[in-house]
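Structure first, then comments.
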Amino acid sequence: MAAIHKKPCTASKSSTESKRTDLKSNEKKGSWAYYMTNSPLLIVMIGLPARGKTYMSKKLTRYLNWIGVPTKVFNLGAYRREAVQSYKSYDFFRHDNEEAMKIRKQCALVALQDVKTYLSEEGGQIAVFDATNTTRERRTLIVNFAQENSFKVFFVESVCDDPEVIAENIMEVKVSSPDYPERDRESVMEDFLKRIECYKVTYQPLDPDKHDMNLSFIKVINVGRRFLVNKVQDSIQSKIVYYLMNIHVHSHSIYLCRHGESLHNLEGRLGGDSGLSERGKKFAVELKAFVKEHNLFDLKVWTSQLKRTIQTAEELGVPYEQWKILNEIDAGMCEEMTYAMIEEKYPEEFAMRDQDKYHYRYPGGESYQDLVQRLEPVIMELERQGNVLVICHQAVMRCLLAYFLDKGADDLPYMKCPLHTVLKLTPVAYGCKVEMFDLKVEAVNTHRDRPLIKVKTPPPMFRRNSFDPLSTKDQIKRPRMYSMGNFSPPPTLPPPAFASTRISEGIESVQRENSVDCFSAPDTGEKST
Amino acid sequence: MRGSCRPNNPRDRTVCMTNCPTLIVTVGLPARGKTYISKKLTRYLNWIGVPTKEFNVGDYRRECLKIYKSFEFFRPDNEEGVKIRRQCAMSALNDVRQYLSVEGGQVAVFDATNTTRDRRGTIMKFAEQNGFKVFFVESVCEDPEVIAQNIVQVKLGNPDYMNCSSEEAIEDFMERIKCYETSYQPLDEDLDSDVSYIKIMDVGRRYLVNRVVDHIQSRIVYYLMNIHITPRSIYLCRHGESDLNIKGRIGGDSGLSSRGKEFAKHLRSFLEEQKIKDLKIWTSQMKRTIQTAECLGVPYEQWKSLNEIDAGVCEEMMYEEIQEHFPLEFALRDQDKYRYRYPKGESYEDLVQRLEPVIMELERQENVLVICHQAVMRCLLAYFLDKTSHELPYLKCPLHTVLKLTPVAYGCKVESVYLGVESVNTHRDRPENVNVQRSTEDALQTVPAHL
């Protein structure tokens, strides 16, 4: 389908008036996945040492933060290291070592206090309590704590009896742990295995049939070979289960790159659907050589549905898949303009974007935040797959990279993703190793740094959506969106009488807003493109 | 969802989620919800674009036997019965092979009790010979209330029990279940550790998932873990009539007309009358749905994925203008409305992909009112009413009408409630002449009236 971009209407009105929204500083900026959570959730890890609890905690936290749910890990080992400055040997963990037991329990209580602060006061949504939690007694303590504070609880237990997996775990992450500064492999292995034995004595796994049948949990057995899922309460838990069922520990690499330089790139234009320039075509050829050279086993190639990525992939001569959701960020009214043109034509928009590039949504287009929501299935699929090469676009690549490298909303829109460069990501230990391959084909630089001078206005300007429902004035008193989940709204909902006066207010403000807002021009039936 | 590589003919793309076909096999005693799960899963997979078909061995048996006498047929010592049942299973498997290997199907759902390890072994061998992957879905339930309700809801209306009273039917069916109980070998953690399966216990209270090997199985598991059988209703309606509707223009982001506002008020009264328990309200992020919800005076959720189909270069045009400026596009759209993508816009196919998370969330929820748009409502409706991609773009979704969908037995009951506020008609049927050379008159034959 040839894209005939014909502007069907007259020249756009100069859009100097834009919607301003006063946001209270502590109000969440409406991340898309936020709707999935109502009361805060405490995820509790369970399992003997070296079962991948910290691996899963960190990965899950990274994923949840990326989709916009504020999440934090609380690792009990770190608290213990704080309390007991130097670790001597596995004797500390013997279950008959009373003094140590006292210290360990103390650490747990301190950690739980921090959890409470995070969830109740600091605006956190999910806390991951990363510890062995192997006894019923400890778990009961946690469940009671959660109940007192109205947190939901979801247990993630990792059960593994494959000695090879355990040995590999120990080698990868324990040898370099602060507990073992000498790093002598044999002694580390020996001490750690004895440490595990200490826990085994008192380990009481979750019992789905009797004792723990009313708890919500997932039991991950033998690194994801089997799962037992019990009493999932709501959408976010369902999503967490789905995520845990899709991750694996097999070694694989993910290659991210942009399409070759495009004709629009040469002109400094955003978006659009142009083809490759000469240098872009050269890049595609180099990319083919790169793929061959690296001898990638069973490589999958993904592109977007825009010309420039498809043309790049075509050159590789291997089967590839087109994903619409890998398309570049939609710049709406600013599509195909240069930054200079945007600054001239829509100076306020230009300024707004620099203030908060992550949340800023182009009029008629998307924001980085929207992009993250759009890309979530890609991330899920990348987790499932083996070796993948993703040929995409600047904004898209930034979002994907931010997921793998755990970059927050502040850094994401300014990550460097130059043309004609391939990034190789290899999961290692608790994170991701990045290698950068410059394929040595010249290209324009499309990166625009964070501006040094930030226009200072008290609340950041922020377009929420085309119609701003702030016509209902009491934005603060409005009940939290508990709609996803089983939590019923608190009895502070306004009584019907009050609600009816709100309707007329609502309609009135609608009419008022219409005259001011020119991005959705009311009665002219024209769209300023 | 994703296009396959090198689409020679873009129109022929089907979603290919698997490299080899998958055979889903249900396992469980009678009245455990196997057919319910099979049908629902088939409907979902077809909607997201994976060609799926279910094969119910009970149907084959009814074909073969013509007249059902009593539970005696199912007694394990009834040699004749055993032979016939085995034959029916084989016949069904042959049709499965035909569907997956010859007719281009991707997933087949083999719906039968499959309660013995022996029978399951036969099926796995069959699948291996033909290069199919196998995934078992076992339903285990011991709650007598659930089972009784099952029997009442779906067995009483079954052709097997056409000529008996309810009591007789229930009695006979309970005996039938007993016939299976003695030889039932549930999937076992140890003995079946190499088999890919999900065991659903007590209608979704607990799940045991073993050896999920690929994407489609992972999706199936996720779907099965999100569905429930708690009674509830889903209400679908469009926003009130908008200013652009009145002018016969598509897309855009206009506000409600005065009749639209009237509708919002009527909608509020309707909801109050219905006294729906814990109703959740969802809208899109476009003015017209938000304004409609605002009038209801209760909290609502905005979903960007519920936004109307993006008509790209044709946004805010009248059909007459589209015909004038883009007659070729207009004709192509009429030729294949489901797959046709507006230049710089979307197709219905894109819309379905966009709406999949909404469907998943609708499955999880209980009572929900979705205030959306014409194309979006068509997609959602097609999912619930199992409409094909040919029917989907022409489903009738008039303004100012609420559709109440209530899941019942194996399908969905639909009640249409017109709220009595006049509006324009925005439905455009497929014209007779879809040839690209057609005249303007032929093209505009079915355009509804507007200002």
Side-chain angles (χ1 to χ4, degrees), chain A residues 1-6 8-9 32 35 208 225-232 234-235 238 241-242 245-246 302 305 313 319-325 370 373 381 384 465-467 469 471-472 478-479 481-484 488-489 493 496 499-500 502-503 506-507 510 514 520 522-523 525-527, chain B residues 1-7 10 189 193 205-212 214-215 218 221-222 225-226 243-244 247 249 252-255 261 278 280-282 285-287 290-291 294-295 297-302 304 313-317 321 325-326 329 332 341 343-344 350 353 361 364-365:
Chain A
M1 210 88 52
I4 324 161
H5 183 59
K6 203 165 159 186
C9 355
W32 74 277
Y35 73 78
R225 189 189 169 91
R226 202 187 321 150
F227 302 90
L228 180 70
V229 181
N230 196 60
K231 283 202 99 190
V232 168
D234 59 18
S235 306
S238 169
V241 164
Y242 184 44
M245 286 175 51
N246 278 320
W302 296 351
Q305 280 178 357
Y320 61 90
E321 266 186 79
Q322 298 172 19
W323 292 66
K324 183 168 199 263
I325 48 185
D370 295 329
Q373 178 189 355
E381 197 49 35
R384 279 203 68 82
N465 40 54
S466 50
F467 174 63
S471 55
T472 46
R478 197 191 181 101
M481 289 307 170
Y482 289 110
S483 31
M484 297 305 142
S488 48
L493 263 182
S500 57
R502 270 180 24 191
I503 303 170
I507 294 179
V510 160
N514 266 344
S520 18
D523 294 306
E526 295 171 333
K527 186 177 184 178
Chain B
M1 182 177 173
R2 291 111 67 180
S4 53
C5 66
R6 308 160 190 281
E189 276 182 33
S193 63
R205 188 197 168 86
R206 201 190 308 166
Y207 304 90
L208 182 64
V209 181
N210 195 58
R211 291 204 99 205
V212 167
D214 63 13
H215 178 95
S218 164
V221 164
Y222 184 46
M225 284 174 49
N226 280 320
D243 288 323
L244 287 183
K247 298 186 184 132
R249 294 181 178 277
D253 193 15
S254 56
K261 292 174 188 157
D278 279 343
K280 303 221 159 52
I281 301 182
W282 298 352
Q285 280 180 356
M286 302 184 121
K287 252 201 207 121
I290 294 176
Q291 283 180 10
E294 278 288 318
C295 288
V298 290
Y300 59 91
E301 203 76 60
Q302 295 173 19
K304 185 163 197 263
V313 298
C314 301
E315 275 284 319
E316 305 205 32
M317 296 177 100
E321 286 170 1
H325 296 283
F326 310 111
E329 296 294 328
L332 288 176
R341 185 181 291 150
K344 310 212 94 196
D350 297 329
Q353 184 196 346
E361 198 51 39
R364 281 201 67 83
Q365 292 297 327

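Each chain gets a letter, A, B and so on, in the order the sequences are listed, and its residues count up from 1. Because only heavy atoms are used, hydrogens play no part in the values below, and waters and symmetry mates are left out as well, while side chains stay in.
- The side-chain heavy atoms of B/R211 and A/R226, taken from C-beta on, include no pair separated by under 4.5 Å.
- Distance check: A/R384 CZ to B/H215 NE2 gives 8.0 Å after rounding to the nearest 0.5 Å.
- In terms of heavy atoms, A/I325 sits closest to B/Q353 at CG2-NE2, 3.7 Å.
- Side-chain contact between A/S235 and B/E361: present, with at least one pair of heavy atoms (C-beta onward) separated by less than 4.5 Å.
- Using a 4.5 Å cut-off between heavy atoms, A/R225 contacts chain B through both its backbone and its side chain.
- Both the backbone and the side chain of B/E189 come within less than 4.5 Å of a heavy atom in chain A.
- Legend: residues meeting side-chain hydrogen bond (donor to acceptor under 3.5 Å, both in side chains) with B/D350, ordered by chain and number and at least two apart, are B/R341, B/S347.
- In terms of the side-chain hydrogen bond (donor to acceptor under 3.5 Å, both in side chains) criterion, residue partners of A/N230 (sequence neighbours excluded) are, by chain and number, B/R206.
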